[in-house]
Amino acid sequence: MKNLYFALFLCALFSGTTQDIEAATPAGNAINNKFQEVNRLNWIEVYKGKLSTQIMLDFSQPIYFKKKILKDNFQLKLTFPGMHQQQFCAKQVMEKLSQLKQDGLLKNVFVLEKNKNISKVALILEFAKTREEKDKNDINKAVKIANRLLIKWCKMEDPNRLVIDIFSQEALDNLQNKNQTILYVKNDFYASDSTNTDQPLSKKKDLRIVIDPGHGGEDDGAKSFNLKEKDLALLIAKKTKTMLQDDGFKVLLTRNEDTNLTLIERSKLAEQLNANLFVSIHVNSDGGKGGAASGVETFYLDTKEFVSPTRRGGFLFMNLKKNLSILEAVDKYLKNNTQTSQQLATLIQNTLVNHLHEQSINIKDRGIKADRFRVLLRSPIPAALVEVGFLTNHKEALQLTNDMYQKNIALGIVRGINAFVDLQH
Ligand SMILES: [Zn+2]
């Protein structure tokens, strides 16, 4: 079921906008009209990924902001006109971002309010200029290394999000040194806990697959014919887990019972478990359109949608030369991750539909779909979300309660995952 699912995305790609200073605020009346409805920060999340540290801000209204790099102070200043500290949840923002102070990425965080003509809030991220590393020749010694950062920003509407990715120089070097980026992504898929990413873990037992039964707890998901999506999703997920284990995979469920889990919690869980692959299982709803809609469809996280030649996203450089090849490497890496997830979605969809057809079950193939609201992983691992049928369709609702039918669905998904893993070899 849609709506309840919001994307935690890696917004991708080089937009070509690389000015250090750029006013993203429309002129004059447009602002006044917009700010008749006061913008509020709903939440802020900080996420440390393999390549980048991501800060995501979710607002109630479309976002207008100005950004500026203050080179001497090693600061990134984001100004939000029309807002007050209270609407910006200054305390929460400071708390979340102070995590990055402990990590040594940030030196300071400021949230300031100015009330000249129009009120505005400034969020200032002061990065650490240097970091300490152990001397290669003498492990008892520490050496100071200057920080060089690439900052990618991206904003979107509905949901209204501002996403800031901070790539370290080391992460970028790592990307650039792999001439064949596709190979890197492939090997990375097998070696998330290995120090040497060039050595794929070829055995299935080394792969960790996270199966995510949709919804749970207070969140029922779709409801129809006295059935709840959360219950059916869990039953199918458990069957999927057993079959994958029989095939030799390490499998974990995001929930084993009827418990509440936010999407952020699900994503963080996958990250903590060092998952190689993430598949979410849901049951569809037509949203009260009469129950005619039927069939299976699979979603993957699309990042291409965030590409825009306008002012929706771009890169900022902190003590780093503007270097087109770096941007291309980042761009390529993110594109490859989208393609890998698309491949996973395609294989799950096709094998599931084929398997059901082989069982003489006449299921409609609704195909794969790109989405930014449902498939949610900020972590660059292949991720897909399967809608295994419509709970609002009487025939499919009845089928979905059948134990044998659930097993067939699970087997179709398992075969799709196996096909994907085989293809990655
Ligand atoms: Zn759902």
Side-chain angles (χ1 to χ4, degrees), residues 1-9 158-159 209-241 252-270 277-302 341 344-345 348-349 352-353 356 363-378 383-401 405-406 409-410 412-413 416-417:
M1 199 189 73
K2 216 171 174 175
N3 298 333
L4 292 165
Y5 271 68
F6 300 101
L8 302 172
F9 59 89
D158 191 24
I209 298 175
V210 170
I211 300 293
D212 172 47
H215 312 275
E218 287 163 16
D219 174 13
D220 291 332
K223 278 189 285 190
S224 195
F225 305 110
N226 270 330
L227 298 167
K228 289 172 183 169
E229 177 184 359
K230 63 173 184 179
D231 299 328
L232 294 170
L234 183 59
L235 286 168
I236 296 165
K238 282 183 172 172
K239 289 180 168 69
T240 308
K241 180 188 175 183
L252 290 142
L253 295 180
T254 51
R255 63 179 178 95
N256 284 296
E257 295 159 28
D258 185 17
T259 43
N260 246 330
L261 267 181
T262 66
L263 288 176
I264 287 160
E265 284 166 342
R266 285 170 210 260
S267 301
K268 281 194 172 162
L269 205 58
L277 205 137
F278 184 92
V279 177
S280 196
I281 296 173
H282 285 246
V283 186
N284 232 330
S285 157
D286 67 3
K289 286 181 187 151
S294 69
V296 170
E297 58 193 15
T298 307
F299 293 84
Y300 65 96
L301 176 63
D302 188 19
S341 287
L344 174 66
I348 288 177
Q349 176 71 17
L352 175 55
V353 168
L356 293 177
I363 192 94
K364 188 178 173 186
D365 181 358
R366 301 173 69 91
I368 61 158
K369 289 170 184 177
D371 199 290
R372 61 184 202 195
F373 297 108
R374 302 189 185 204
V375 185
L376 304 192
L377 267 191
R378 287 171 287 192
L385 184 152
V386 204
E387 294 275 4
V388 299
F390 278 77
L391 202 57
T392 41
N393 180 292
H394 189 251
K395 187 184 155 209
E396 286 191 0
L398 210 65
Q399 283 173 327
L400 284 163
T401 57
Y405 191 81
Q406 289 171 5
I409 296 267
I413 294 170
I417 291 172

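Computed from a predicted model, the values in this text were never measured in an experiment. We count ligands from 1, going down the list as the structure has it; atoms in each ligand are counted the same way.
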inquiry  = Checking one value in my table: which N/O/S atom of H282 lies closest to the Zn ion (ligand 1)?
reply    = ND1

Name, closest N/O/S atom of E229 to the Zn ion (ligand 1) = OE2

task = Verify the distance test for E387 against the Zn ion (ligand 1): any N/O/S atom under 2.8 Å, yes or no.
result = no

Nearest heavy-atom neighbours spanning L227 and A397 = CD1-O, 3.8 Å

note = For Q349 and I368 the tightest heavy-atom approach is CB-CG2, 3.8 Å

Test side chain to side chain donor-acceptor pair (under 3.5 Å) applied to E396 - qualifying residues, sequence neighbours left out = none

task = Go through the structure and list residues passing salt bridge (charged side-chain N to carboxylate O under 4.0 Å, His left out) with R366, not counting sequence neighbours.
result = E297

